[in-house]
Structure formats: C-alpha cells, structure tokens
2 protein chains.
Amino acid sequence: MTDHPDERLSRAFAALSDPVRRDIVARLTIGDATVSDLASPYDISLQAVSKHVKVLADAGLVSQRKEAQRRPVHLESQALAAMTGWIERHQQRAEQRMSRLEEVLADLPSSDTTESGADR
Amino acid sequence: MTDHPDERLSRAFAALSDPVRRDIVARLTIGDATVSDLASPYDISLQAVSKHVKVLADAGLVSQRKEAQRRPVHLESQALAAMTGWIERHQQRAEQRMSRLEEVLADLPSSDTTESGADR
DNA sequence: TCCTTATTCAACCTTGAGGTTGAATACGAC
DNA sequence: GTCGTATTCAACCTCAAGGTTGAATAAGGA
C-alpha cells in the first residue's frame with residue numbers, strides 16, 4: 001500500500017482524527033481485542049468498526065493476527081512514536097526559534113516590537 | 001467554534017493529515033509568514049492556501065494577527081504539545097502493559113503463549 | 001479619490017470518508 | 001457435511017474536504 005513515508009504519516013494523522021478510532025486505540029492500550037469486542041460499545045454496525053480497524057491497520061497503527069475465525073487487533077505503539085517524532089521535531093524548532101528571538105529582543109534598545117515578514 | 005476538547009483534538013489531527021498543511025507548519029517553525037509567502041512554493045491557488053491556513057487556525061495550531069492588509073500566520077507550538085500529550089499517554093499505557101505482560105510470561109512454565117481475548 | 005496589494009467570501013465541482021445493508025468467506029463445533 | 005460465529009467484501013448513500021474561478025473586502029500609496 002505505497003508505504004511512502006509521507007503518506008504513512010498522513011494516514012496516521014487521518015486515522016487519529018476520528019474520535020471512534022482514537023477510542024479504539026485507547027481501548028487497545030488495555031489489551032488486544034477482537035473486532036466484535038471493539039464494536040460492542042458503539043451504536044454503529046460491525047462492518048463500520050471493521051472499516052475503522054482497517055484504516056488504523058493501513059496507517060500501521062494496529063496489526064491483526066488470525067486466530068480461528070477471530071482477528072485480534074493489536075496496537076503497534078512504535079507507530080505512535082513516529083507521530084510524536086514528527087510533531088516534537090517541529091515543536092522544538094519553533095520553540096528554539098522563539099527563545100532565540102527573545103534573546104535578541106532583550107538586547108534591543110526597545111523600539112517598536114512588531115515582528116512579521118521581517119525575515120525574507 | 002464548539003471548542004469541545006475532543007473535537008479540537010480531532011481537528012488538530014485532521015489538520016496535520018494533509019501534507020501541504022504539515023509543510024506549512026514546518027515552514028512556520030522558521031518564522032511567521034503571510035499567506036502569500038506560504039502560497040508561493042505551491043502550484044495551488046492562493047485561495048486554497050488561505051483555506052489551509054483557516055483549517056490550521058480552527059484547529060488552534062496557528063493564529064493570525066492583522067498587520068495592514070497582511071495576516072501574518074504564527075505557529076502555536078503549545079497546540080502541538082496537546083497532540084503529543086494524547087499520543088504519549090496512550091503509547092505509554094500500551095508499553096507499560098506489554099512490559100507487565102513480559103514479566104508474567106517470564107515466570108510462566110512455558111506452555112502455549114497464545115494471548116488474545118484472554119482479558120475480558 | 002483612485003489604484004494596487006493581500007486576503008477572504010461564495011458558488012461550484014469531484015472525490016473520498018464514514019455510514020448502511022446484504023452477500024460472501026473462513027473456520028470451529030456438532 | 002451442515003450449522004453458527006466472526007469477519008470481510010461489495011454496492012450504495014450522503015456529506016464534507018480540497019480544489020477551482022470570480023467577486024467582495026480591507027488598507028496602504030499615488
């Protein structure tokens with residue numbers, strides 16, 4: 001499924017943008033669960049939940065092994081790590097920049113402190 | 001805009017599920033930028049980029065101040081923190097559980113190690 | 001005042017996401 | 001083999017997402 005790294009990230013974020021899927025992920029932190037297990041709390045059809053699981057699987061966030069007719073779903077926590085990786089890299093960059101900026105501003109002879117398209 | 005915390009998270013994840021918007025976020029870690037600045041690298045229309053910025057803003061990931069006719073966009077890095085917060089909480093939970101499980105398995109008289117809907 | 005620049009609003013098109021229902025499939029139990 | 005259980009496949013519906021173009025708005029500059 002075209003595991004272009006960028007697309008994988010896109011799918012991972014998209015996967016967690018749905019509250020039901022976030023809920024499923026939360027549920028899976030307690031332990032593996034079958035599709036029917038996962039479906040029971042919701043008012044939606046089993047097929048809908050099956051689709052949700054597929055979305056999570058395509059994003060690499062969960063895996064499914066087969067066990068008789070059941071397909072227990074397992075949370076792949078290292079995929080979550082990849083997401084925090086991306087976010088934290090950028091967050092850090094932004095914050096480093098801000099602190100550098102504050103340093104500079106502190107040394108300034110207090111004129112007008114408007115900063116915008118100043119760079120570029 | 002109904003700042004229900006769950007919806008906010010949903011919007012934040014949805015926002016970062018688009019590669020163009022992730023790109024914009026990356027660009028903003030370097031410094032604030034106007035909509036036209038942000039649009040220049042892309043082949044899509046200015047209006048499309050304006051929409052992307054709006055999506056990011058509705059998710060709380062960026063803010064826009066007004067400055068003459070310009071609307072410089074600023075990255076709100078603490079919103080990124082909220083996302084990592086959610087992910088890391090669940091990641092941690094899953095990993096703690098796994099390590100507890102390994103402990104238990106280590107103490108076991110090595111029978112079949114199939115684990116599934118065992119809980120519940 | 002009139003023009004130019006920067007951005008947004010509005011209407012529209014196309015595609016994909018999330019839901020439904022009704023088969024099809026896969027496997028264990030009898 | 002046949003039945004029941006667990007899950008997926010397929011076709012379909014509806015609505016929102018991301019894109020387009022063409023006006024409208026806002027504010028500085030001549």
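Just so it is clear: chains get the letters A, B, ... in the order the sequence lines come, proteins before strands, and each one is counted from 1.
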Evaluate the side chain to side chain contact (heavy atoms under 4.5 Å, CB included) criterion for residues B:R89 and A:T29: first the C-alpha distance (whole Å), next the side-chain angles of each, then the deciding distance (0.1 Å), finally the verdict. CA-CA 10 Å; B:R89 267 196 306 282; A:T29 62; over 6 Å; no
Calculate the interatomic distance between B:Q64 atom CD and C:dA6 atom C1'; express it in whole Å. 11 Å
Between A:S50 and D:dT8, is there a side-chain N or O to OP1/OP2 distance below 4.0 Å? yes
With rounding to the nearest 0.5 Å, note down the distance linking CG in B:L46 to NZ in B:K51. 12.5 Å
Euclidean distance, atom CZ of residue B:R11 to atom C1' of C:dA17 [Å, nearest integer]: 18 Å
Least distance between heavy atoms, B:G60 atom then B:E76 atom: O-CB, 3.6 Å
What residues form a side chain to side chain contact (heavy atoms under 4.5 Å, CB included) with B:R22, not counting sequence neighbours? A:D6, A:L9, A:S10, A:F13, A:W86, B:L16, B:P19
Strictly under 3.5 Å: I want the nitrogen or oxygen pairs between protein and nucleotides 26-30 of chain C, one per line.
from, atom 1, to, atom 2, distance (Å)
C:dC27, O2, A:Q69, NE2, 3.3

How close do A:A33 and A:L28 get, counting heavy atoms only, and between which atoms? N-CD2, 3.9 Å
B:D32 CG to B:R70 CZ distance, which is reported to the nearest 0.5 Å: 13.5 Å
If I take atom OH in residue A:Y42 and atom C1' in nucleotide C:dG18, what distance separates them, rounded to the nearest angstrom? 14 Å
Produce a footprint string for nucleotides 11-24 of chain D: one letter per nucleotide, 5' end first; B if the base is under 4.0 Å from any protein heavy atom, S if only the sugar-phosphate is, - if neither. B------SBBBB--
Rounded to the nearest Å, what distance is computed from the NZ atom of residue A:K54 to the P atom of nucleotide D:dT8? 10 Å
Strictly distance-based, threshold 3.5 Å: is any side-chain N or O of A:R11 a donor or acceptor partner for the main-chain N or O of A:D58? yes
Starting at CD1 of A:I24 and ending at P of C:dG18, how long is that distance when rounded to a whole Å? 11 Å
Within the distance-only criterion (no hydrogens, no angle test), does the side chain of A:R21 pair as donor or acceptor with the backbone N or O of A:A15 below 3.5 angstrom? yes
